[in-house]
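Written out below as structure tokens is the structure these notes cover.
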Amino acid sequence: LTISAAGLCSFANGIAFSSQTDAAGMTATTLNHYEEGTWTPAVASGAIAGTSITYAGRYTRIGRLVQLYCKITATASDLVVASYVGLSGLPFTAAVPASGHCTTEDIERANGGETEVSGAVLYFSPCGDASNTSTIISTITYDV
């Protein structure tokens, strides 16, 4: 254990929770990874239509779980994923596929869709609307 002058604690090998009662199937009692950061989504397969599209991503990893956030924005309200599209650049490869949902700011128009992380790619199902959508957002949790 190291404590810096600013009061931050560092644990070289993680934080052990070994005094707890182990549940059936438990394989570890040490938290050994925490990380926050950004990632840059890039279209790897398929296409997204819209005016001046930008991509942004954030993540938090705690142990083996990654909480991934992806935001796709167009300067006009014409953002559409017409067919399945895959985005690369994930900060960690998924150990098993995980699914979730994507939403738009025009949620009352039911223009959201499904998302899935498989390997190192985040997939979006068809979503958006060529005359109503300027933002598509996905938040998904997966295991590494």
>> So which atom in Pro41 and which in Tyr55 form the shortest heavy-atom distance, rounded to 0.1 Å?
In response: O-CB, 3.7 Å

>> By the salt bridge (Lys or Arg N to Asp or Glu O under 4.0 Å) test, which pairs, at least two apart or in different chains, include something from residues 133-144?
In response: Arg64-Asp143

>> Ser131: which residues meet the side-chain contact (heavy atoms from CB on, under 4.5 Å) condition with it, sequence neighbours left out?
In response: Asp129

> Can you list every pair that meets side chain to side chain donor-acceptor pair (under 3.5 Å) and has a residue in residues 33-47, with sequence neighbours left out?
Replying inline: His33-Glu35, Tyr34-Glu36, Glu35-Tyr59

> Once you round to the nearest 0.5 Å, how far does OG1 of Thr115 lie from CD1 of Ile140?
Replying inline: 4.0 Å

>> Membership question, hydrophobic clusters at under 4.5 Å side-chain separation (ILVMFWY): are Val43 and Val117 in the same one?
In response: yes

List the atom pairs, donor and acceptor, that lie under 3.5 Å between side-chain atoms in residues 65-72 and the rest of the protein, sequence neighbours left out.
unit_1, atom_1, unit_2, atom_2, d
Gln67, OE1, Thr141, OG1, 2.5

> Mind checking whether Leu90 and Phe92 have side chains closer than 4.5 Å, heavy atoms only?
Replying inline: no

> Taking Ser4 for the side chain and Ala6 for the main chain, is one N or O donor matched with an acceptor at less than 3.5 Å?
Replying inline: yes

> Could you state the interatomic distance from SG (Cys102) to CG (Leu122), rounded to the nearest 0.5 Å?
Replying inline: 9.0 Å

> Is the CZ atom of Arg58 crowded by more than 12 outside heavy atoms at less than 6.0 Å?
Replying inline: no

Please set out all donor-acceptor pairs under 3.5 angstrom arising from side-chain atoms of residues 73-87, sequence neighbours excluded.
unit_1, atom_1, unit_2, atom_2, d
Thr75, OG1, Thr51, O, 3.2
Asp78, OD1, Thr51, N, 3.0
Asp78, OD2, Thr51, N, 3.4
Asp78, OD2, Thr51, OG1, 2.5

> With the 4.5 Å side-chain cut-off for hydrophobic clustering, are Ile136 and Ile53 part of the same group?
Replying inline: yes

> Closest approach of Ser118 and Pro97, non-hydrogen atoms and distance?
Replying inline: OG-CG, 4.3 Å

> Going by the side chain to side chain donor-acceptor pair (under 3.5 Å) test, which pairs reach into residues 86-102, not counting sequence neighbours?
Replying inline: His101-Glu114

